[in-house]
Amino acid sequence: MSDADTAADEGGDGDDPRDCLPADVDAVRDALVSWYEDDHRSFPWRETTDAYEILVSEVMSQQTQLGRVETAWDEFLNRWPTVHDLAAAERGDVVGFWTGHSLGYNNRARYLHEAAQQVVSEYDGAFPEDPDELEELMGVGPYTANAVASFAFNNGNAVVDTNVKRVLYRAFDVPDDDEAFEVVAGALMPAGESRVWNNAMMELGGVACEKVPSCDEAGCPWREWCHAYETGDFTAPDVPTQPSFEGSRRQMRGRVVKALSNHDALALDDLGPKVRVDYTPDGENGREWLRGLVADLADDGLAELGDRDGETVARLR
DNA sequence: TTCCCGTAAT
DNA sequence: ATTACGGGAA
């Protein structure tokens, strides 16, 4: 077959990333679904199809190890059982819960709170089922939108997170390119089966094709097709390195929120020592530095600066 | 010390 | 396109 024929068959560009997939795609699909259905980890959010409960689990899971999410998820839903309850909550209580359970990025607590208010005000409390509509919710991007659409409504597209990328990169030599991952993941997913499929793909990345893979131990269902298993090269796509956390502004922000979550309001000079042991009001990282930190948190909608008896106080908002 | 990781903001 | 964003666990 000539290059011209190939290009014509593919609609013109001649390098369709779907060419990465093996010819017997149906066998590949069946192997994964059977493997997943035969045995998989049990998580409480896999027992529900409630979109609100699933959204909470997804937002928590994005930043926290699954083992610790279970307790937080349970307590969160116990405190705010429905999207209406969360929408009506005080934001400071939601942020306080978040930091109190070490759930990471406090911004996500605010996003979740705002998303709940959107669902109530724009959809009368009934989540939309379409990924494109879900993506309009605050804090919900392509991954979360498709996860919720899949697990709540069996109505999503293929999710593409770092686990999925690693699997596709290794198994089928998909180039480390977001568009390619998107196209191949979509072509691989059996139509109308997003719930089981996306669960299965993420299970594969979580228990078989981890950073250090355990192909045989986990009984990976794709060994007969997997390029990495064949060559022994289990390189994974590069993940960007992040600046160190110790001593960072992010760490200081976290300490501010943590401290404020235990008080109604705190004067800056009372807050300071809880943020850094070397706090002195007029020092380099003193009152003005702290005021700037809280002002940034205020810009993020997480805290606010106020006045009490003529002195500046900070509180959660 | 390094790893993890999707979204919003710029 | 790049950067900010948390904090436990490995």
Side-chain angles (χ1 to χ4, degrees), chain A residues 54-73 94-116 118 131-132 134-151 156-167 169 176-179 181-182 185 198 201-202 205-207 209-214 234-261 274-276 292-303 316:
Chain A
I54 288 169
L55 176 63
V56 173
S57 81
E58 288 299 335
V59 173
M60 289 182 175
S61 302
Q62 283 166 20
Q63 56 203 347
T64 304
Q65 290 89 342
L66 259 30
R68 289 190 305 121
V69 169
E70 293 205 34
T71 302
W73 185 76
V94 183
V95 174
F97 179 99
W98 211 258
T99 206
H101 289 73
S102 299
L103 286 170
Y105 305 143
N106 300 299
N107 274 322
R108 309 244 178 183
R110 169 170 66 91
Y111 297 157
L112 194 52
H113 185 228
E114 288 188 18
Q118 281 177 276
D132 289 332
L134 287 164
E135 201 172 330
E136 289 172 26
L137 301 177
M138 186 58 80
V140 176
Y143 166 78
T144 309
N146 284 304
V148 172
S150 297
F151 303 145
N157 304 123
V159 299
V160 180
D161 68 352
T162 57
N163 288 298
V164 172
K165 290 180 184 178
R166 188 173 58 247
V167 168
Y169 181 88
D176 186 1
D177 172 90
D178 285 348
E179 178 62 20
F181 286 128
E182 185 76 31
N198 286 322
M201 281 293 285
M202 301 219 281
V207 309
C209 200
E210 320 94 305
K211 189 175 185 69
V212 177
S214 36
F234 289 94
T235 307
D238 281 331
V239 294
T241 60
Q242 66 284 305
S244 92
F245 180 65
E246 192 60 32
S248 68
R249 188 174 184 82
R250 280 155 62 190
Q251 183 180 43
M252 300 305 146
R253 282 172 54 111
R255 289 181 183 172
V256 167
V257 172
K258 187 104 173 169
L260 294 181
S261 73
K274 300 176 184 304
V275 175
R276 26 190 337 146
L293 201 56
V294 177
D296 280 357
L297 286 164
D299 287 343
D300 285 346
L302 299 173
L316 243 37

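Residue numbers begin at 1 in each chain, while the letters A, B, ... track the order of the sequences. Just so you know, these numbers come straight off a predicted model, no measurement behind them.
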(request) Check A:V257 against A:V95 and note the closest heavy-atom contact, atom names and distance. (result)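 The answer is CG1-CG1, 3.7 Å.
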(message) Any heavy-atom pair between the side chains of A:L316 and A:S261 that's under 4.5 Å?
(response)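 In short, these two side chains touch, coming nearer than 4.5 Å.
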Assign [X] to base, sugar-phosphate, or nothing according to its heavy-atom contacts below 4.0 angstrom with the strands shown.
X	result
A:T99	sugar-phosphate
A:Y143	sugar-phosphate
A:T64	nothing
A:V257	nothing
A:V239	sugar-phosphate

I'd like a table of donor-acceptor pairs (distance under 3.5 Å, sequence neighbours excluded) in which one partner is a side-chain atom from residues 295-303 of chain A, with atom names and distances.
{"unit_1": "A:D296", "atom_1": "OD2", "unit_2": "A:R249", "atom_2": "NH2", "d": "2.6"}
{"unit_1": "A:D300", "atom_1": "OD2", "unit_2": "A:R253", "atom_2": "NH1", "d": "2.9"}
{"unit_1": "A:D300", "atom_1": "OD2", "unit_2": "A:R253", "atom_2": "NH2", "d": "2.9"}

(request) Residues of residues 106-115 of chain A with any non-hydrogen atom less than 4.0 angstrom from an atom of DNA chain B: list those, numerically ordered, please. (result)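 Residues of residues 106-115 of chain A that come under 4.0 Å of DNA chain B are, in numerical order, A:R108, A:Y111.
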(message) Taking only side-chain N and O atoms of A:T162, does any of them lie within less than 4.0 angstrom of OP1 or OP2 on B:dC5?
(response)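 A:T162 to B:dC5 OP1/OP2: side-chain N or O found under 4.0 Å.
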(message) Less than 4.0 angstrom between a side-chain N/O of A:K211 and OP1 or OP2 of B:dC3, yes or no?
(response)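 So the side chain of A:K211 is outside the cut-off, no N or O lying under 4.0 Å from OP1 or OP2 of B:dC3.
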(request) Using heavy atoms to find the nearest nucleotide of DNA chain B for A:P142 and A:Q65 separately, return the residue whose nucleotide is more 5′. (result)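 Nearest-nucleotide comparison on DNA chain B picks A:Q65.
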(message) At a heavy-atom distance below 4.0 Å, which nucleotide of DNA chain C is the first touched by chain A, and which is the last?
(response)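 Going 5' to 3' along DNA chain C, contacts run C:dC5 to C:dA9.
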(request) Please report, rounded to the nearest Å, how far the C1' atom of B:dG6 is from the CD atom of A:E182. (result)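 It is 14 Å, rounded to the nearest whole Å.
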